[in-house]
Amino acid sequence: MPVSERPLLTHVRASARAVLEHNARHGQTPDGIRFAYTRPDNIKYPDQFYWDSCLIALAWSQLDPARARAELRTLAAAMDPSGHLGHTIFWSGRVRLARLPGYNVHRRNDRSTATIQPPLLGAAWADVAERSPDAAGFRADGLRIVRRHLDWLDRTRAEDDGLIGILQPDETGLDATPTYDRVLGWRAHPYPGFVALVHANRRRGFSYRRARAEGAFTAIDPLVNTAWALSWYGLARLGDPEAGERAEQIVAALEARLWDEGRGMCFAEGPDGTRLPVATWAGLAPLALPGLSPNVAARLIDEQLLNPARFWLAWPVPSTSAQEPSFRPGDTGWPIRRYWRGPTWPFTWWFVHRGLRLHGREETARRLALRVAELIAREGMREYYNPITGRGLGAGHFAVSAIALELLAAPEA
Ligand code: GLC
């Protein structure tokens, strides 16, 4: 690391530690379950969010692996015996009444939502286990817990080719992504009609199989399936003898079904099997997959990510390509502020940075890490950033931004 960059990195490390400590919560439920998790933001997101916690655990693992293990063990404690692990877990009370109509719960008292998020648990557990060499029980428990979770997804969500489907766009983690605008129309996420979609799914018991059978909205999303494959790779690293092969099959299916050779990008597939060619960072997420074909990886990097007209803006990586008509570098404004149509989002950094390193682009990975560090030093731990001006947006103390620690911990950063 050049000497001139040291103060910058020291500053980011201190900010990351501060936001993680600031948002950390622990306690016990009335029925005696202990929890210790990190809120994405104390005001905007007081609950535990599945994939936030996975990335937060990775950030913690750079500082204090015991806190990382506690974060993931708390997620595991929220898992049903069936293996279902919800998008959001309500450790400190019920869903607020005002939010109930649009919330993905069966009943107000549910401890977690019935819907999913990109299933990263296996990937995070394996990384944290590797950084916890003395915690043998953690690895062994992970093998059992992650397997149970992935088996649940397999039973309830997998298609014949092994890819998993979603019921609602918010299951991708990117609530208002423009990808599904065309198929959802008035029920797309930024519009009030979204509540109708939630109601219909509640009537179906949030069952993917039923939604599929009834011809309702469902989709196969590249980001969700990247997380799915990464968790099988993680399970293999934890010691499951069948998981590695399973991961490779998922990657092959993802390439066969979601890679668009003509456009050089991965796209989601809608309910009737049609491709939804909206270029968002979800299409870059497969870069994080070890088994991705070198040709696909190279094209995603050179034609999409590093293209200054699409994703390589001043403060990478925007959530939607700047060439999309739906691109908005800031929030969408009235009536509901939404951000996934352009703003840079910390979740993206981890997938893209990991992918760059995996596919031998160390120098670009390092450039991204430094850009992230500069942005945080300028604007703080924000939820989003305008990819053109760098201005911080959304939540003010956003714990997932601490994922910058993972980028900076990589060699050479
Ligand atoms: C938003 C995002 C979701 C994230 C949550 C907390 O709801 O859609 O992916 O987990 O914020 O950060």
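Every number for a ligand or one of its atoms is a count from 1 in the order of the listing. Owing to the predicted nature of the structure, the values given are computational and were not obtained by experimental measurement. Note that these values count all heavy atoms, side chains included, but never hydrogens, waters or copies made by symmetry.
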ring-ring contact (aromatic ring centres under 6.0 Å, His included) assessment of Phe206 paired with His87 = CA-CA 13 Å; Phe206 292 99; His87 173 300; over 10 Å; no

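- Within the 3.5 Å criterion, the main-chain N or O of Thr344 finds no donor-acceptor partner in the side chain of Trp349.
- Salt bridge Asp52/Arg39: absent, no basic N to carboxylate O contact under 4.0 Å.
- Every residue two or more places apart in sequence or in another chain that forms a side-chain contact (heavy atoms from CB on, under 4.5 Å) with Ser319 is listed here: Trp281, Pro343.
- Contact check on Arg246 versus Asp240 returns no salt bridge, with no Lys/Arg side-chain nitrogen under 4.0 Å from an Asp/Glu carboxylate oxygen.
- Salt bridge Arg366/Glu5: present, at least one basic N to carboxylate O contact under 4.0 Å.
- Each of Pro40, Tyr45, Phe49, Trp51, Asp52, Gln117, Gly173, Asp175, Trp340, Trp345, Phe398 has a non-hydrogen atom positioned under 4.0 Å from some atom of ligand 1.
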